[in-house]
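Here the structure comes first, spelled out in structure tokens, and everything after it is commentary.
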Number of protein chains: 2
Amino acid sequence: MSHTEAPTWSEHVHSVLARAGHQRGGARERVIELLARQPCALSAVEIEDALRAEGTPIGRASIYRVLELLVEHGLAERVAVGPGQSRFEAIDPSGAHHHHLICRECGRLVAFDDPGLERAIDNLSRRLGVRVEHHDVLLRGSCEKCE
Amino acid sequence: MSHTEAPTWSEHVHSVLARAGHQRGGARERVIELLARQPCALSAVEIEDALRAEGTPIGRASIYRVLELLVEHGLAERVAVGPGQSRFEAIDPSGAHHHHLICRECGRLVAFDDPGLERAIDNLSRRLGVRVEHHDVLLRGSCEKCE
DNA sequence: CACGTATTTGGGATTGAGTCTCGTTCTGTG
DNA sequence: CACAGAACGAGACTCAATCCCAAATACGTG
Ligand SMILES: [Zn+2]
Ligand SMILES: [Zn+2]
Ligand SMILES: [Zn+2]
Ligand SMILES: [Zn+2]
């Protein structure tokens, strides 16, 4: 192949972090690899448990450090689903992202994306005249299964 | 006056809770009165401190109980501004509400409302075909003062 | 008003996500 | 392979939030 493949999220993360002057380490690699495989957001505790279950336990401090680093660099997003319950998920390098509906009944997280919503936030930030770096949107209701 | 005045938020809260079979108690009254006077969201700790400063200290457990009750009945909203940092504010019975921008620099909360955003969320919920009871929107960026 | 019952309240113990510290281990470079 | 800086992890610690339960309070009834 002569053309450049679009980089995967992991590759993108590694290149961004390398460019920012970060070395590589086992803990970070593990967390990134795990996040790369997820369809939707995980909590820090779930990440800790998943890694331990895979036989490569990672210190709690490292997990939070990695997550903070990723969020700082716009590589992952924190989804606050409740008091003391943050979840994290990869952000696609293309800028494509989705938001979530959390079901009041079963607590399940449902992902969606909506250009109209993004456009509205865009217009809004222009109207406010402030620099909006990020937007959190979380809908609460009941999902199809709990309807 | 022969016409009915629009009820204040406190009155509305009391009638909703009475209808739901709740008795009145001092702690609840104090928290409701305090929230009614706020222009924007307070944390539970701020509420506790404010009430103590006013000479009517209220137990922590009661404060959280009242807040939960209000949120449950759609009378107040929880704004998750960060991990382990919830803020609460009254929801106007008319349905009028605002959202917030939280400043990365100074941490200040700036309120705004935007019909375009509300319309977009409306359309979205119709498109998804689910019943959306509530929507959280939180922008992150820098406020005018920190620009 | 006095009584009885259900609700509300609050002090204090407890939980648990998230943070901090600091000595150890690893990475990359020359 | 030596060195400096970066990354790691065990465990102490913080603090919002929850839980427990005995005491206080609200309110319908007589
Ligand atoms: Zn997701
Ligand atoms: Zn968006
Ligand atoms: Zn507000
Ligand atoms: Zn809205």
Side-chain angles (χ1 to χ4, degrees), chain A residues 13-34 41-52 54-73 75-88 107, chain B residues 13-34 41-52 54-73 75-89 107 109:
Chain A
V13 167
H14 285 133
S15 81
V16 168
L17 294 183
R19 216 173 306 141
H22 288 281
Q23 297 185 0
R24 287 187 166 216
R28 191 140 69 211
E29 300 284 317
R30 297 258 151 250
V31 175
I32 292 170
E33 276 166 28
L34 178 65
L42 287 186
S43 72
V45 173
E46 285 168 347
I47 292 171
E48 190 175 5
D49 292 347
L51 290 173
R52 193 189 0 262
E54 289 178 5
T56 53
I58 299 296
R60 196 175 322 130
S62 298
I63 291 175
Y64 282 104
R65 255 192 309 252
V66 175
L67 292 174
E68 187 185 352
L69 190 67
L70 294 176
V71 170
E72 227 168 57
H73 286 81
L75 298 165
E77 173 181 16
R78 158 183 263 129
V79 183
V81 296
Q85 284 180 252
S86 294
R87 293 177 161 272
F88 298 84
Chain B
V13 167
H14 284 134
S15 80
V16 168
L17 294 184
R19 218 172 308 141
H22 287 280
Q23 298 185 0
R24 286 187 166 213
R28 193 141 68 208
E29 300 284 317
R30 294 258 149 246
V31 175
I32 291 171
E33 276 167 29
L34 178 66
L42 288 186
S43 71
V45 173
E46 285 167 348
I47 292 171
E48 187 175 8
D49 291 347
L51 291 172
R52 192 186 6 256
E54 288 178 4
T56 53
I58 299 295
R60 199 173 318 129
S62 298
I63 292 175
Y64 282 104
R65 253 192 311 252
V66 175
L67 293 174
E68 187 186 352
L69 190 68
L70 294 177
V71 170
E72 228 167 57
H73 286 82
L75 298 165
E77 171 181 18
R78 160 183 261 128
V79 183
V81 297
Q85 286 180 252
S86 293
R87 293 177 160 272
F88 298 84
E89 72 180 348
L109 219 53

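Hydrogens, waters and symmetry mates are skipped; everything else that's a heavy atom, side chains included, is used. Letters A, B, ... mirror the listed sequences (proteins, then strands); counts begin at 1. Note that the structure is a prediction, hence the values are computed from the model and not measured.
- With sequence neighbours excluded, the residues forming a side-chain contact (heavy atoms from CB on, under 4.5 Å) with B:A50 are B:L34, listed by chain and number.
- Taking every heavy atom of residues 15-24 of chain B and every atom of DNA chain D, pairs under 4.0 Å involve B:Q23, B:R24, by number.
- Checked against salt bridge (Lys or Arg N to Asp or Glu O under 4.0 Å), B:R30 has the following partners two or more places apart in sequence or in another chain: B:E33.
- If A:V66 and B:E68 are placed on DNA chain D by their nearest nucleotide, the residue sitting closer to the 5' end is A:V66.
- Axis orientation changes by 30° from one end of the helix from C:dC1-D:dG30 to C:dG30-D:dC1 to the other, with each end axis drawn from 5 pairs and the value rounded to 10°.
- Counting any heavy atom pair closer than 4.0 Å across all strands shown, B:R28 reaches sugar-phosphate atoms only and no base atom.
- Residues passing the side chain to side chain donor-acceptor pair (under 3.5 Å) test with B:E54 are B:R37, sequence neighbours excluded.
- Residues forming a side-chain contact (heavy atoms from CB on, under 4.5 Å) with B:E48 (at least two apart in sequence, or on another chain): B:R52, B:R60, B:I63.
- Counting only residues at least two apart or on different chains, the salt bridge (Lys or Arg N to Asp or Glu O under 4.0 Å) pairs with a member in residues 15-28 of chain B are B:R24-B:E29.
- Side-chain contact between A:L75 and A:L17 is present, with heavy atoms from C-beta onward closer than 4.5 Å.
- Taking 4.5 Å as the limit, some side-chain heavy atom of B:L67 sits within range of a side-chain heavy atom of B:I47.
- For DNA chain D, the contact window with chain B, defined by any atom under 4.0 Å from a protein heavy atom, covers D:dA16 to D:dC27 in 5' to 3' order.
- For the contact set between residues 57-64 of chain A and DNA chain D, defined by any heavy atom under 4.0 Å, the members are A:I58, A:G59, A:R60, A:A61, A:S62.
- In this structure, B:G26 and B:F88 both approach DNA chain D, and ranking their closest nucleotides by distance from the 5' end singles out B:F88.
- The nucleotide range of DNA chain C contacted by chain A, defined by atoms under 4.0 angstrom from heavy atoms of the protein and reported 5' to 3', is C:dA17 to C:dT27.
- Note that CG of A:D49 and CG of A:L42 are 10.5 Å apart. Values are rounded to the nearest 0.5 Å.
- Listed by first and then second residue, the side chain to side chain donor-acceptor pair (under 3.5 Å) pairs that reach into residues 78-89 of chain B are B:E46-B:R87, B:R78-B:S86, B:E89-B:H98, B:E89-B:H100, sequence neighbours excluded.
- Contacts of A:S43 with the nucleic acid, taken as non-hydrogen atoms under 4.0 Å apart, are absent.
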